[in-house]
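Please read the structure below before turning to the comments.
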2 protein chains.
Amino acid sequence: MRARRGRGERTTLIDVATRAGVSAITVSRVLREPEKVSPNLRNRILDLIEDMGYVPDQAARALASRHNSTFGVLVPTLTNRAFLSFMQGVEERVRDTTFRIQYANTHNCADEEKRQVRLLLSQNTAGILLAGLEGADGIHDLVRHANCMVVQVVDVGIKIAGSVVAVDHGAAAEAATRHLLDCGYRTIALLGGMADARGRRRTEGYSRVMQQAGLYDPDLIHHENAATTTQMGCRLLRRALKARPDIDAVFCQNDDLALGVLFEAQRMGLSVPDQFGICGYNDLDFAAVMQPPLTTVRTPLFEMGYRAADLMIRGADGDRLVHHSVNLGFELIERRTTRRRTL
Amino acid sequence: MRARRGRGERTTLIDVATRAGVSAITVSRVLREPEKVSPNLRNRILDLIEDMGYVPDQAARALASRHNSTFGVLVPTLTNRAFLSFMQGVEERVRDTTFRIQYANTHNCADEEKRQVRLLLSQNTAGILLAGLEGADGIHDLVRHANCMVVQVVDVGIKIAGSVVAVDHGAAAEAATRHLLDCGYRTIALLGGMADARGRRRTEGYSRVMQQAGLYDPDLIHHENAATTTQMGCRLLRRALKARPDIDAVFCQNDDLALGVLFEAQRMGLSVPDQFGICGYNDLDFAAVMQPPLTTVRTPLFEMGYRAADLMIRGADGDRLVHHSVNLGFELIERRTTRRRTL
DNA sequence: CTGTTAGCGCTTTCAT
DNA sequence: ATGAAAGCGCTAACAG
């Protein structure tokens, strides 16, 4: 007689079945395959379920069915707006499916990443979505041996295991740097935050173009080992200008940074874009309405999330480990923080 | 025919136990109460676990122990930076505990909120953290009958069930509005996004002060039913100015909005703070480095998350349903988007 | 359409 | 310090 003692023992399938005078499996079917139960009985049971406040126990369900309809999404940080757009894409695709998302934050830390993947694996998740992988040693093994879908969102060319949604960050950075050059800027600084795989690719792209132009100088590159913020943009600009006072443009690895750079430049009396050019990255919400509006590289953040979730869901549904890969593009949005091109 | 063949069936506790020549419970102990197993045996088993790549099945564990060390955090949106700070606070408190967090996004929708709470309940979570509750009907019942910790982050005075971390948003809005008045502004608009419970409190606070001053006018209040963005700030300012061209200051429900307002004001040639004052809300990262720096209300976002998680953890650990409540303050940060006070 | 029988992989409780 | 037995709440597989 396990009645609701204290806060009440949990109501189980059997409690409902007993009250309904049927067997447990019938109640179970009402929930999962209602069409296999006669309408009459079904409705009676449904009412009972409502009345008794029965909620199925997912752990038992997962254990019995060896199935789990939630999947984990690993993001390196929560503080980056770029990841927010990505997450919105994921959510949009997942809405109206029976899948659930479980976010985990790896704090840009390789060990934490590994720990989280292990945890997810131990929960028998339907799949794992890896965004902004730090690439810890051994994670490849973990992922390779996973018996669930694994989708990675990475840079083009960094193929690991499972399905992949890729963007060519190196090429995007090249395009941005070349644009700055085309506008007539010469001493172009690169400002960035913590360098993950994607960040490193961007730095490489920038360096390639600067080297080709014979303008490369390590003193032009400034990073701070943390998530990008607007305040960081201000600091980084001051530091860059101290190292090379003749800087006439900056390429920021994130629009957050670019926002700070614009404010700081205004404070210093630098006129944008005439004396000083700014190019951002990601085309975040505020970029279009800054004064002046920000020239930036638009990356398909939302779509990356959407496509990644799509691969995930299609793979998990078919219960087969589909391996797909999609490569999404980017777009340089020329606005008013860079001057009209002279070339 | 369970698809996951070929990638290997899951390694279980029994597999490890068999290889070690011990019983399952011993392996289980090695993982949970290592001190109860002799060092020799323990190390041998630990090695085996590593070798065989064994990862415990959380579902089985949760089912057998009727315990679950993950708790759900419901946030209304992922696109609001205020919630990000909150989430960071939660994570900070949870780090280095055995608890795990599962985020769920209710999309500011009452039904979704109810669905998510139900889902969480059905997972037997250690607890539920409710932030920015929409307050769906029936959710009180759900929460009241939950046999797990429930912590809510709400406005002072909206007491529901479980433990509460509160902030007096009404008083904060009053302070902000009064400050604007003290600076000599008279026609003060209120700009906001989707009005949740906290938003409504802020609107009430603003209205009270304006009414007392005899300056209240519904035409000064402008909302858009979506998450706040910088672009929305621009649109809202234009709309407000169309309704009342004599507006000389705005109180924005979020700094995102204030950023847009500043840019738009600059575009219109309004000089801030002389002709036009701006006060934000939340003191987000960029507020301090805007040009001019933004006057805003600082709310203890991070701390709210931290304290809420703390209540959660302390409650779940003690396995008793502690009911606590803490009330956190706010602070008006006077910077340069409002002129020096004349009163 | 409904029921019976076996577990899923782990932890509890009670022995030894 | 280690083990045996008995489930946790549910679903798969096969009846009928």
Side-chain angles (χ1 to χ4, degrees), chain A residues 2 8-46 49 52-69 98 119 121-125 147 319, chain B residues 1-5 8-46 49 52-69 98 119 121-125 147 319:
Chain A
R2 16 216 311 286
E9 299 286 323
R10 185 185 188 103
T11 303
T12 74
L13 203 54
I14 297 196
D15 296 337
V16 178
T18 309
R19 274 275 287 276
V22 299
S23 76
I25 189 68
T26 302
V27 179
S28 173
R29 282 200 187 106
V30 166
L31 261 16
R32 295 174 302 117
E33 320 167 282
E35 71 288 355
K36 293 197 172 179
V37 177
S38 70
N40 249 332
L41 185 51
R42 190 199 309 156
N43 289 132
R44 206 154 59 75
I45 293 178
L46 247 17
I49 286 175
M52 303 177 68
Y54 167 71
V55 263
D57 181 319
Q58 297 294 342
R61 195 174 254 192
L63 182 55
S65 69
R66 288 173 229 76
H67 248 329
N68 194 149
S69 59
T98 58
L119 235 20
L121 252 23
S122 83
Q123 284 176 162
N124 240 305
T125 45
N147 52 12
D319 213 34
Chain B
M1 178 114 315
R2 346 222 318 267
R4 49 197 59 148
R5 245 219 304 262
E9 298 289 323
R10 184 183 189 105
T11 304
T12 75
L13 203 54
I14 298 196
D15 297 336
V16 179
T18 309
R19 274 274 288 277
V22 298
S23 76
I25 188 64
T26 303
V27 179
S28 174
R29 284 202 185 102
V30 167
L31 262 14
R32 294 174 302 119
E33 319 166 284
E35 71 288 353
K36 293 197 173 180
V37 177
S38 70
N40 248 330
L41 185 51
R42 189 200 310 157
N43 289 133
R44 206 154 59 72
I45 293 178
L46 247 16
I49 286 175
M52 302 177 68
Y54 167 71
V55 264
D57 182 317
Q58 298 292 343
R61 195 173 254 193
L63 182 56
S65 69
R66 289 172 229 70
H67 252 329
N68 195 150
S69 61
T98 58
L119 235 20
L121 252 23
S122 82
Q123 284 175 162
N124 240 303
T125 45
N147 52 10
D319 214 36

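Order of the sequence lines sets the chain letters (A, B, ...), proteins ahead of strands, with each chain counted from 1.
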Do you know the tightest heavy-atom contact between [X] and [Y]?
X     : Y     : value
B/M52 : B/T11 : O-OG1, 3.6 Å
B/A24 : B/I14 : CB-CG1, 4.3 Å
B/S23 : B/A17 : C-CB, 3.7 Å
B/A59 : B/D57 : N-OD1, 2.7 Å
A/V27 : A/I49 : CG1-CD1, 4.2 Å

Query raised in the report: Considering only side-chain heavy atoms of A/A64, which listed nucleotide, C/dT2, D/dT2, C/dG7, is closest?
Result: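 My answer, after comparing the listed nucleotides, is C/dG7.
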Query raised in the report: The side chain of A/L63 lies closest to which of these nucleotides: C/dC8, C/dC10, D/dC10?
Result: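 Per side-chain heavy atoms of A/L63, the pick is C/dC8.
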Rounded to whole angstroms, how far apart are [atom1] on [X] and [atom2] on [N]?
X     : N      : atom1 : atom2 : value
B/Q58 : C/dC8  : CD    : C1'   : 15 Å
B/K36 : C/dT11 : NZ    : P     : 13 Å
A/D15 : D/dC10 : CG    : C1'   : 13 Å
A/D57 : C/dG9  : CG    : P     : 16 Å
B/L13 : C/dG7  : CG    : P     : 18 Å

Query raised in the report: For residues 38-45 of chain B, which residues have at least one heavy atom under 4.0 Å from DNA chain D?
Result: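 Within this stretch, B/S38, B/L41 sit under 4.0 Å of the strand.
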Report task. Could you check which residues of residues 20-34 of chain A get a heavy atom under 4.0 Å from DNA chain D? Sort them by number, please. Result ->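 Output list: A/I25, A/S28, A/R29, A/R32.
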Report task. Determine, stepwise, if the pair B/K36 / B/R42 fulfils side-chain contact (heavy atoms from CB on, under 4.5 Å). Result -> CA-CA 9 Å; B/K36 293 197 173 180; B/R42 189 200 310 157; over 6 Å; no
Check whether any side-chain heavy atom of [X] sits under 4.5 Å from a side-chain heavy atom of [Y], and report yes or no.
X     : Y     : value
A/Y54 : A/L31 : yes
A/L13 : A/S28 : yes
A/R44 : A/R19 : no

Query - A/R66 side-chain N/O to C/dC8 phosphate OP1/OP2 under 4.0 Å - result: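 Negative; the distance criterion is not met.
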